[in-house]
Amino acid sequence: MEPRSASRSSPLSRGRVLPRRFYQRDARVVAPDLLNKVLISGSILARIVEVEAYCGSSDPASHAYRGKTRRNATMFGPPGHLYVYFTYGMHWCANVVCMPAGVASAVLLRGAEPLEGLEEMWERRPRARRENDLCSGPAKLAQALGLTGADDGIGLLGRSGRMCIVDDGLPPPSMPGNGVRIGIREGSDLMWRWWVPGSRHVSKR
DNA sequence: ACCGGGATGTTCT
DNA sequence: GAACATCCCGGTG
């Protein structure tokens, strides 16, 4: 009734924040586990439907492959933080940092289903024509959420920060889609991309 | 639907 | 200089 619907419409009541130990694992394990989790950014809620894993020193496609630099420093930091980078001269993309500090492992957020705060997303993505144009791609997702370099390194643990990721009870798919990563040259044979089968908010179907 | 190319600037060779 | 974890638009079928 009234109280129930009121509490359900509150972003912060939607689920339990993922704890540090969730992120303290290899990106190839965290990535499929992030499917169907809910990303909260300010008043925006979006369900993660597509991810890719990037694994530091063993992965030629990872920004961290050739060691720590100014740009990728956040990847080498503690887990449960956001690594945001600039690419193609105009786009920002967001990763979730995994593994303990010192090990560069991260999950690229590639696609999400908008749940709340759609007005805000439409404003930030004026060229989007359909709802599935809002977050169906890493740079689209970052733009819809208003993420830029200013957000590099922000924490996802606890409810006090601007962003977090919560589990609202919907488990990851028992058989997620799985294939090679998109838009890379090196390491293009590795099947480190996962998605929610059938979702219209996946970048490529 | 599918495909080709331009935009735009930081990072690394 | 080249590459780049991309997106958008305008062509064609």
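Remember, it's a predicted structure, so these values are computed and weren't measured experimentally. By convention in this document, chain letters (A, B, ...) are assigned in the order of the sequence lines, proteins followed by strands, and residues within each chain are numbered from 1.
Only the P atoms considered, B/dG6 is 16 Å distant from C/dA2, to the nearest whole Å.
Rounded to a whole Å, the NZ atom of A/Lys204 is 14 Å from the P atom of C/dA5. One interatomic measurement links the two molecules: OH of A/Tyr88 to P of C/dC9, which rounds to 18 Å at whole-angstrom precision. Rounded to whole Å, atom P of C/dC7 lies 15 Å from atom CZ of A/Arg130. One interatomic measurement links the two molecules: NE2 of A/His91 to C1' of B/dT8, which rounds to 9 Å at whole-angstrom precision. The distance between atom CG of A/Leu134 and atom P of C/dC7, rounded to the nearest whole Å, is 13 Å. Rounded to whole Å, atom P of C/dA5 lies 18 Å from atom CH2 of A/Trp194. Look at CZ on A/Arg129: it is 15 Å from C1' on C/dC7, rounded to the nearest Å. A straight line from OH of A/Tyr85 to P of C/dA3 spans 18 Å, rounded to a whole angstrom.
Helical stems involving DNA chain C, defined as 3 or more consecutive Watson-Crick or G-U pairs under 3.5 Å, span B:1-7 with C:6-12, B:9-12 with C:1-4.
A salt bridge is defined here as a Lys NZ or Arg NE, NH1 or NH2 lying under 4.0 Å from an Asp or Glu carboxylate O, and A/Asp59 with A/Arg181 meets this definition. Ion pairing of A/Asp133 with A/Arg127 is absent here, as no side-chain N (NZ or NE/NH1/NH2) approaches a carboxylate O to less than 4.0 Å.
Counting heavy atoms from C-beta outward, A/Pro79 and A/Cys98 have side chains that stay 4.5 Å or more apart.
To the nearest 0.5 Å, atoms OH (A/Tyr85) and OG1 (A/Thr74) are separated by 13.5 Å. Here the CG atom belonging to A/Leu82 is positioned 6.0 Å from the CG atom belonging to A/Leu147, to the nearest 0.5 angstrom. Atom CZ of A/Arg125 is separated from atom CG of A/Leu141 by 9.5 Å, given to the nearest 0.5 angstrom.
Considering only side-chain N and O atoms, A/Arg125 lies nowhere under 4.0 angstrom from the phosphate OP1 or OP2 of C/dC7. Close to C/dC4, at under 4.0 Å from its OP1 or OP2, lies a side-chain N or O of A/Arg185.
Relative to the side chain of A/Ala139, the nucleotides C/dC7, B/dT10, C/dC4 differ in distance, and C/dC7 lies closest. Distances were taken from every side-chain heavy atom of A/Met90 (C-beta onward) to each of B/dG9, C/dA5, B/dT8; the shortest belongs to B/dT8. With distances taken from any side-chain atom of A/Arg127 to the nucleotides C/dC8, C/dC4, C/dC7, the minimum falls on C/dC8.
Residue A/Leu108 is in base contact, counting any heavy-atom pair closer than 4.0 Å across all strands shown.
The main-chain N or O of A/Arg193 is found under 3.5 Å from a side-chain atom of A/Asn178 such that the two form a donor-acceptor pair.
Residue A/Met75 is the one, among A/Gln143 and A/Met75, whose nearest nucleotide of DNA chain C lies closer to the 5' end (criterion: closest heavy atom).
Atom CZ of A/Arg162 is surrounded by more than 12 heavy atoms from other residues, nucleotides or ligands within 6.0 Å.
Taking the six-membered ring for Trp and thresholds of 30 and 60 degrees, A/Tyr83 and A/His63 have ring planes more than 60 degrees apart, a perpendicular arrangement.
A heavy atom closer than 4.0 Å to some atom of DNA chain B occurs in A/Arg66, A/Thr69, these being the qualifying members of residues 54-74 of chain A.
In the model, A/Ser43 has a side-chain atom that pairs as donor or acceptor with a side-chain atom of A/Glu120 under 3.5 Å.
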